[in-house]
Amino acid sequence: MKRIEAKWQAYWDTHQTFRVDLDDATASDDSRNHSEPASPQHANGAATGGPSRDARKKYVLDMFPYPSGAGLHVGHPEGYTATDIVSRYSRMRGVQVLHPMGWDAFGLPAEDYAIKTGTHPAVTTAKNIGTFKRQLKSLGFSYDWSREFATTDPEYYRWTQWIFLQLFDTWYDATCVWTGQDGVTRTGKGRPISELPIPHDVAANGVNAVRRYQDQHRLAYQHEAPVNWCPMLGTVLANEEIIDGKSDRGGHPVERVPLRQWLLRITAYGDRLASELDDLQWPDSIKLMQKNWIGRSEGAEVDFFVGEGQDSFKQWSSARKESGFSREPGAEGLRIYTTRPDTLFGVTYMVLAPEHAAVDRLTTAERRAAVDTYRQQAAMKSDLDRTDLAKGKSGVFTGGYATNPVNGEKVPVWIADYVLISYGTGAIMAVPAHDERDLEFATQFGIDVRHVVAPDGQPQSDAPGFFEHGVAINSGGYNGLSTLVFKTKITSDLEANGLGRKAVNYRLRDWLFSRQRYWGEPFPIWHELDSSGVPTGLMRTDPETSLPVLLPEMADFKPTGTPEPMLSKAPDSWLYSTASDGTRLKREANTMPQWAGSCWYYLRFADPKNNRQFIDPAIEKRWLPVDLYVGGAEHAVLHLLYSRFWHKVLFDRGHVSTVEPFRRLVNQGMILGEVEFTGYVVGDASAVAALTGGAGSSANSMNGSTDSTGPRWISVRELTDRVDAEGTAIRVVTKTGEVATAVTLVGDRVEKKGDAFVLKDQPGVVVDSRAHKMSKARGNVINPDVVVDQFGADSLRLYEMFMGPLEAVKPWGMKGVEGVARFLGRVWRMIVDEQSESGIRLSHTVQDCPATAEQLRVLHRTIKAVTRDIESLGFNTAISRMMEFVNDFLAMDARPKSVIEPFVLLLSPFAPHLAEELWQLLGHPSTLAYETWPNHDDAWLIESEFEIPVQLNGKLRGKVTVPADADRETIERAAKADPVIASQLEGKTIVKTIFVPGKMVNFVVK
RNA sequence: GGCCGAGUGGCGAAACAGGCAGACGCACAGGACUUAAAAUCCUGUGUCCCGAUAGGGACGUGCGGGUUCGAACCCCGCCUCGGCUACCA
């Protein structure tokens, strides 16, 4: 088996079997003998593809891996086999297939390794890529390896930097209405910065003022903001890289420190990123996750008056009525954002985020100390502390008051960290009666609760809070309005009075795009320095022609230990330069995040060697978007959102012709470790050892024990999850609090009882039965190399597809691998004579004889089912169909070549090595990779008679066999004539007869 | 807490649009081949009941209701597990 696999892998390599030349669409090779046109499977591509997309092309893409030192994981081949089957199948349908592979190779692990050992990350990366490539090749995937690249290749990151320059050169015109290359008219466009209108007052201040103004509007911009600085990793992290207040990688603590950072204005594309999801063939759950992540909400901005005295409030109000809603709230205004402007009459206090700029102004002298203390504490708190709901809310009164613009009422202004500076305006109006969080806060601090909405408009409400929509009460002239009507009306009333306006907000934040590490793409940006070497804040870009900006060689990879980037330790020759006009320049020393390289790699695969453009527009038009994209759900939000963002910018700037990069997305389910049984023991260590030593006798000795404090097995049902002092998850006995020790049990010590598994010798003890995520710590990781070594690549491929549906989470089972390996053995013996002395040759049962009708029926049934299942990615059932075929044909002594050959073709996408070998033995000189996929003929599926179930009142009572062409009357008569049915019908009347052609007949009787 | 998904034999699963529940595989049991074992092949296998056998019956897709001639599938309520998210006003 191993010999066969190596042979064919070498063959495919030597013959470049899977190389595809994209600019030669009409390529015709002798082996590519197609007699029929490809099936037009993607007629629904109009939404994302242009009208002239070539139906005979298919771009099938895997999410490219990060080549970690650990090598391939069994999760990788799951998706890769699925796309390989689709690719091989599509080629046989006469479709030109682009199926590439490459490496997402920038990132922290290689750099961490460099810090520890001094090995250059490029060395580590190259070594890991070598391992991955060897492993992938050993699985026989039909990649076009001539297109391989890594994101770390200078010739690749040259174009990553080029795209960054596009982002830098673009501003978002939210009001621009335009028609793109896809023929769709939309509002909002990324436009060249040179087209940004410059206000007169800015222009009047000179060239540098204009430059600064432009810099503020670019899609790639610098901004000083609190960032998530992780001292352990020595880098700043994106919000998305922080889980529960700790770093996603390594779980290290994260601090908030202010720093000047690069951000990408992804929020400008929030609307389009949400709405343009609709036409994609993506799982609904992923679309929903992206929409939730973008988190668009509609509401209103409202200014509260924070000046002194009723008179000045009146002046302020009338001035506002005159001038309209201002761009900035001004010194006497406090701007809030709310989604419930209909509850304005229920406001009993206001809350500012601790970092809000107006806090100083509003704080009174006697509250100053308390406010300052609180602000300091809030600044220190990690995100985890801030969001710890269990601890309740915190906040302090500033001493200041704000006046409600709708009723002139003065309400106290607080600061509290449950209001986030980064969302909305960083200030809220609090309506405890109708907002859960405000209610919790108000209850805690004894603030009034005023009801202004009731379910039915009846003022008497005894509930503390009502958070749904309803009918307005206690709201002046608005009483009786339903929530939605009220919202619209008060928003326009506020607008008319210059006090508020409709507003949209997003949970999505701009994307923090700089990292302080070495192993990433350098920015093609220079900072201008003044005569004393201090940055002026003005920037210049590297010209496109000087890209790539290469990483400098460095000997020392130790982090700086401060938020200062690694590359600030680079040699001066790299770091400094002088412009032609004499200006001193310093290089941007941050690097791009790992996401950058993976944001556009799918484009480069179509034109990987192009040294004039990131992709040739003609090639882009023909091959994009990706037709099928398969990968893990862990990238559901970040990678896919970032890619879509970049793609849309490139689209707006005319560099790509489609608005979305990935037409169809499928998420493979995670493969878990083998199912494990876990029992729990209480008692000291020696007792645990005695119980679990495996000796049945010692366990039995505990059987009669009624001593509830001694060492003993304990049911999982009596345990509760806890967290111990060190923060580790433990399980304790619910009643006594004793800590239980987990013991992994072998399968034959347990049995099923009811709906749970119990110990065989102590049926009262329920044990856990679960498959866990594979992890080094648990020791349940399956290495694909071992599986390939033992069972062969075809077995691994087949097993991973046979386990269950591609999208499902499924536990590994080595016995299942044996099962599919046995199946492949049966296929082999169906065709090959193993007994032969003269080496391998065809079995004498495989003959050039005519096929019987029965054999043809089995074949065509199999062709039909396998084809349909591949189209719907139902690989598990496709394999079971082929197993049925083999079971049938092994029972036959004559196996016509005309039936066996199509079967080998059906099998080939799944088990290509075996199939190629069999194909050769059947007398074909070259690869089957471009043979025509078999077609089924329904004519062969017709049977002369069939069995139809007969029901009485919906319950199955018998079956009758009728001729295939029998009409309804004949079938009903036959059903009634059946002895069993007849006896049951006796003495009853048939009220109604349900007849489903080909399915069943049902008599409703009384 | 919120959102999404899933619960079917001892196990992984199948049932395509509401119409024969459990295809296919694993495991197990019995048998054949073998000195023996492995490999391979054959037979059986949801649970319970009646029956010597042939055969027949009842129950059965997490739980409780509902719609329907008919529900694993649709609706309502609940339970359990998994994923995502976590004060976004």
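Convention: sequence-line order gives letters A, B, ...; per-chain numbering from 1.
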Could you run down nucleotides 18-27 of chain B 5' to 3' and tag each one B, S or - for protein heavy-atom contact under 4.0 Å?
-BBS-BBSSS
Would one find a side-chain N or O of Y423(A) under 4.0 angstrom from OP1 or OP2 of A89(B)?
yes
Across all chains, not counting sequence neighbours, the salt bridge (charged side-chain N to carboxylate O under 4.0 Å, His left out) partners of R829(A) are none
Nearest-Å distance once atom P is located in both U8(B) and G82(B):
14 Å
How far, in whole Å, is A14(B) from A72(B) if one measures between their C1' atoms?
12 Å
With a 6.0 Å cut-off on ring centres, are F441(A) and Y418(A) close enough?
yes
Test side chain to side chain contact (heavy atoms under 4.5 Å, CB included) applied to N887(A) - qualifying residues, sequence neighbours left out
R826(A)
Rounded to whole Å, the CD-P distance (E807(A) to A13(B)) equals 13 Å
Looking at C3(B), which nucleotide sits across from it as a Watson-Crick or G-U wobble partner, both distances under 3.5 angstrom, or is there none?
G83(B)
Among A13(B), C84(B), A86(B), find the nucleotide with the atom closest to the side chain of P805(A).
A13(B)
For residues 803-821 of chain A, please give each side-chain donor-acceptor pair under 3.5 Å, one per line with the distance, not counting sequence neighbours.
unit_1: K810(A); atom_1: NZ; unit_2: E78(A); atom_2: OE2; d: 2.7
unit_1: K810(A); atom_1: NZ; unit_2: P805(A); atom_2: O; d: 2.8
unit_1: K810(A); atom_1: NZ; unit_2: L806(A); atom_2: O; d: 3.2
unit_1: K810(A); atom_1: NZ; unit_2: A808(A); atom_2: O; d: 2.6

Take the protein atom CH2 of W828(A) and the nucleotide atom C1' of C41(B), then report the distance between them rounded to whole Å.
20 Å
Using the P atom in both, what is the distance from G65(B) to C59(B), to the nearest Å?
15 Å
Report the residues that fulfil side-chain hydrogen bond (donor to acceptor under 3.5 Å, both in side chains) with S422(A), sequence neighbours left out, ordered by chain and then residue number.
R509(A)
Between A89(B) and G2(B), how far apart are the two C1' atoms, rounded to whole Å?
15 Å
I'd like to check the salt bridge (charged side-chain N to carboxylate O under 4.0 Å, His left out) partners of K959(A); sequence neighbours left out, ordered by chain and number.
none
Go through the structure and list residues passing salt bridge (charged side-chain N to carboxylate O under 4.0 Å, His left out) with D438(A), not counting sequence neighbours.
none
It should be established whether S297(A) places a side-chain nitrogen or oxygen under 4.0 Å from OP1 or OP2 of nucleotide A89(B).
yes
Closest to the P811(A) side chain: A89(B), A86(B), G12(B)?
G12(B)
For U35(B), which nucleotide is its Watson-Crick or G-U wobble mate, given both distances must be under 3.5 Å?
none
Measure the distance from CG on L641(A) to C1' on C84(B) and round it to the nearest whole Å.
15 Å
Would you mind pulling out the nucleotide paired to A17(B), Watson-Crick or G-U wobble, both distances under 3.5 Å?
none
Does U53(B) have a Watson-Crick or wobble mate here (both distances under 3.5 Å), and if so which one?
none
Same-atom distance (C1') from A13(B) to A27(B), integer angstrom:
14 Å
Test your reading of the model: is there a side-chain donor-acceptor pair from D768(A) to the backbone of V716(A), 3.5 Å cut-off?
no
Nucleotide forming a Watson-Crick or wobble pair with G9(B), both distances under 3.5 Å
none
For G25(B), does the O4'-C1'-N9-C4 or O4'-C1'-N1-C2 angle fall within 90° of 0, making it syn, or is it anti?
anti
R450(A) versus T348(A), side-chain donor and acceptor atoms under 3.5 Å
no
In whole Å, measure the gap between the C1' atoms of U45(B) and G22(B) for me.
12 Å
Separation of the C1' atoms in G77(B) and U85(B), to the nearest angstrom
26 Å
Summarise how protein sits on nucleotides 1-11 of chain B as a single string, 5' to 3': B when a protein heavy atom is under 4.0 Å from the base, S for sugar-phosphate-only contact, - for no contact.
--SS-----SS
Rounded to the nearest Å, what distance is computed from the CG atom of residue L806(A) to the P atom of nucleotide A13(B)?
13 Å
Give each protein N/O atom lying under 3.5 Å from an N/O atom of nucleotides 76-81 of chain B, with the pair distance.
none

Given that both distances must come in under 3.5 Å, which nucleotide forms a Watson-Crick or G-U wobble pair with G77(B)?
C63(B)
With no hydrogens and no angle check, is any side-chain donor or acceptor of Q290(A) less than 3.5 Å from a backbone partner on A636(A)?
yes
How many whole angstroms separate atom CG of L420(A) from atom P of U85(B)?
17 Å
Sorted by chain and number, sequence neighbours left out, salt bridge (charged side-chain N to carboxylate O under 4.0 Å, His left out) with K502(A) holds for E298(A)
Report the residues that fulfil ring-ring contact (aromatic ring centres under 6.0 Å, His included) with F823(A), sequence neighbours left out, ordered by chain and then residue number.
none
Which is true for R957(A) with a 4.0 Å heavy-atom rule: it touches a base, it touches only sugar-phosphate, or it touches nothing?
sugar-phosphate
Pairwise P distance for C24(B) and G18(B), with rounding to whole Å:
24 Å
For G70(B), the nucleotide meeting Watson-Crick or G-U wobble distances (both under 3.5 Å) is none
Applying side chain to side chain contact (heavy atoms under 4.5 Å, CB included) between R881(A) and each of V866(A), T867(A), L906(A), I863(A), report the one that passes.
V866(A)
Does any nucleotide pair with A58(B) by Watson-Crick or G-U wobble geometry, both distances under 3.5 Å, and what is it?
U47(B)
Please collect all salt bridge (Lys or Arg N to Asp or Glu O under 4.0 Å) contacts where either partner lies in residues 338-353 of chain A, sequence neighbours excluded, each pair once.
R340(A)-D342(A)
Roughly, in whole Å, what's the span from CD in E440(A) to C1' in A89(B)?
14 Å
Which whole-number value in Å describes the distance from M801(A) CE to A13(B) P?
14 Å
Using atom NZ of K810(A) as one end and atom C1' of A14(B) as the other, report the distance to the nearest whole Å.
15 Å
